Colleague: 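Can you read through this structure? Questions will come right after.
Residue numbers start at 1 and run along the sequence shown. Quick caveat, the model's predicted, so the values are computed rather than measured.
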Amino acid sequence: MGRQRVRNAVTGYSLLAPSLFGVVTFLVLPMFVVLWLSLHSWDLLGPIRYVGLSNWRSVLTDETFGTSMVATIGFILLVVPLQTVLGLLAASLLAVNLPVSGFFRTLYVLPWICSPLAIAVLWRWILAPTDGAVSTVLGRPVEWLTDPTLALPVVSAVTVWTNVGYVTLFFLAGILAIPRDIQNAARTDGATTWQRFRYVTLPMLRPTLFFVLVTGIVSAAQVFDTVYALTGGGPQGRTDVIAHRIYAEAFGAAAVGRAAVMAVVLFVLLLGVTLVQHVYFRRRISYDLV
């Protein structure tokens with residue numbers, strides 16, 4: 001029996017070896033490298049110098065980093081709730097078995113599978129203040145991307161437009177996985193469409209909702225391509241989210257150590273938010289409809 005257990009363990013770990021190699025090489029090891037870099041000063045060309053906690057003190061007392069944190073939080077608060085609600089609404093409509101449902105299901109996913117940079121360039125042309133399509137329709141120029149009050153909402157709207165198909169896809173899969181017998185029983189008991197949605201569909205979608213919220217927050221906190229192509233972090237730093245600030249520090253200011261500190265802070269914050277969501281949903285994810 002002992003030899004059999006050892007043989008089974010060796011076989012199991014052998015099958016897991018390729019995946020474990022990928023996780024360690026591309027996830028665990030880079031995390032330790034970034035943490036190590038946060039304690040050093042490096043300009044990408046010269047020698048690496050150990051500076052201890054100097055980078056940490058510099059970043060945590062930097063007003064620019066604080067502005068980026070505020071911009072990131074505002075961006076998340078605009079993007080995640082809106083794309084979640086719109087995705088759930090679209091999934092509910094697409095779950096109806098109509099002849100054109102398959103076409104619209106494909107149509108919704110198209111923006112998500114396209115390159116974010118290409119989509120951002122397209123929207124930059126559409127929102128151009130002089131010859132852009134939106135300004136032409138309105139009949140007057142509007143500084144959508146250079147007005148400090150409009151830039152962040154507009155970038156958020158473009159991100160929602162890009163991601164809503166992704167969210168819809170998962171909600172649609174969750175809705176279609178709900179047993180039809182439960183819906184039929186609720187309908188037989190006299191439940192209205194809203195009551196079936198409120199007391200049957202939503203409780204059964206809690207695992208999907210947990211996944212969508214976690215991935216949505218992580219994705220929104222790491223957005224870079226859209227911001228870089230639309231506004232470049234401006235105006236007045238209103239769209240200078242953390243991912244863009246990390247890029248600017250590492251490759252613009254050649255301060256890799258400071259960029260590493262920001263990356264570690266972002267990782268810790270996302271980990272904390274994910275754990276909080278896990279604790280919240282852990283006791284609420286249930287298929288018991290009582």
Colleague: Donor-acceptor pairs under 3.5 Å, side chain of residues 110-133 to any protein atom, not counting sequence neighbours: which ones?
Modeller:
| residue | atom | partner | partner atom | Å |
| --- | --- | --- | --- | --- |
| Ser115 | OG | Leu117 | N | 3.4 |
| Arg124 | NH1 | Ala229 | O | 3.3 |
| Arg124 | NH1 | Leu230 | O | 2.3 |

Colleague: Would you please test Thr159 and Phe75 for side-chain contact (heavy atoms from CB on, under 4.5 Å) and show each step?
Modeller: CA-CA 10 Å; Thr159 304; Phe75 182 79; 3.4 Å; yes
Colleague: Got more than 12 heavy atoms from elsewhere within 6.0 Å of OH, Tyr166?
Modeller: yes
Colleague: Identify the two heavy atoms, one from Pro148 and one from Arg238, that lie closest to each other, and give their separation to 0.1 Å.
Modeller: O-NH1, 3.2 Å
Colleague: Could you check Gln4 against Arg7 for side-chain hydrogen bond (donor to acceptor under 3.5 Å, both in side chains), going step by step and ending with a plain yes or no?
Modeller: CA-CA 5 Å; Gln4 184 63 35; Arg7 188 179 298 109; 2.9 Å; yes
Colleague: Does Arg187 CZ have over 12 foreign heavy atoms under 6.0 Å away?
Modeller: yes
Colleague: From Asp147 CG over to Leu152 CG, what is the distance, rounded to the nearest 0.5 angstrom?
Modeller: 12.0 Å
Colleague: How close do Thr25 and Leu29 get, heavy atom to heavy atom, and via which atoms?
Modeller: O-CB, 3.9 Å
Colleague: Which heavy atom of Tyr50 sits nearest to which heavy atom of Leu39, and what is that distance?
Modeller: CD1-O, 3.4 Å
Colleague: Could you tell me if the side chain of Thr84 sits less than 4.5 Å from the side chain of Leu209, heavy atoms only?
Modeller: yes
Colleague: Would you check if Thr231 and Val155 make a side-chain contact, meaning some heavy-atom pair closer than 4.5 Å?
Modeller: yes
Colleague: Quick one: do Trp56 and Val265 satisfy side-chain contact (heavy atoms from CB on, under 4.5 Å)? Show the steps, please.
Modeller: CA-CA 10 Å; Trp56 286 86; Val265 172; 3.9 Å; yes
Colleague: If you compare all heavy atoms of Asn55 against all heavy atoms of Gly257, which two are closest, and at what distance to 0.1 Å?
Modeller: ND2-CA, 3.6 Å
Colleague: Would you give the length of the straight line joining atom CZ of Phe65 to atom CZ of Arg245, rounded to the nearest 0.5 angstrom?
Modeller: 10.5 Å
Colleague: Are Phe251 and Leu44 side-chain neighbours, meaning at least one heavy-atom pair lies under 4.5 Å?
Modeller: yes
Colleague: Could you measure the distance from the CE atom of Met69 to the CG atom of Asp62? Nearest 0.5 Å is fine.
Modeller: 12.5 Å
Colleague: Does Arg49 reach the side chain of Trp42, with side-chain heavy atoms less than 4.5 Å apart?
Modeller: no
Colleague: Shortest non-hydrogen contact from Ala263 to Val34?
Modeller: CB-CG1, 4.0 Å
Colleague: Do the side-chain N and O atoms of Arg5 and Asn8 include a donor-acceptor pair separated by under 3.5 angstrom?
Modeller: no
Colleague: Roughly how far apart are Arg198 CZ and Thr192 OG1, rounded to 0.5 Å?
Modeller: 12.0 Å
Colleague: When rounded to the nearest 0.5 angstrom, what is the spacing between OG1 in Thr72 and NE2 in His244?
Modeller: 11.5 Å
Colleague: Answer with yes or no whether the side chains of Asp240 and Ser68 bring together a donor and an acceptor at under 3.5 Å.
Modeller: yes
Colleague: If we count only N and O atoms by modelled type, under 3.5 Å, do the side chains of Thr162 and Gln83 hold a donor and an acceptor together?
Modeller: no
Colleague: Side chains of Phe170 and Thr215, heavy atoms from C-beta outward: is any pair under 4.5 Å?
Modeller: no
Colleague: Measuring only between side-chain heavy atoms, which start at C-beta, is Leu205 closer than 4.5 Å to Leu88?
Modeller: yes
Colleague: Yes or no on side-chain hydrogen bond (donor to acceptor under 3.5 Å, both in side chains) for Gln183 and Thr201, after CA distance, side-chain angles and deciding distance?
Modeller: CA-CA 8 Å; Gln183 297 281 9; Thr201 303; 3.2 Å; yes
Colleague: Mind checking whether Ser92 and Phe171 have side chains closer than 4.5 Å, heavy atoms only?
Modeller: no
Colleague: Ignoring hydrogens, what is the shortest heavy-atom contact between Val223 and Ala243? Give both atom names and the distance.
Modeller: O-CB, 3.2 Å
Colleague: Under 3.5 Å, is there a donor on one side chain and an acceptor on the other for Ser58 and Arg258?
Modeller: yes
Colleague: Report the residues that fulfil ring pair (Phe, Tyr, Trp, His ring centres under 6.0 Å) with Trp36, sequence neighbours left out, ordered by chain and then residue number.
Modeller: His40
Colleague: Can a donor-acceptor pair be found, under 3.5 Å and without considering hydrogens, that links the side chain of Thr168 to the backbone of Ala90?
Modeller: no
Colleague: So how far is it from Leu270 CG to Thr274 OG1, rounded to the nearest 0.5 Å?
Modeller: 6.0 Å
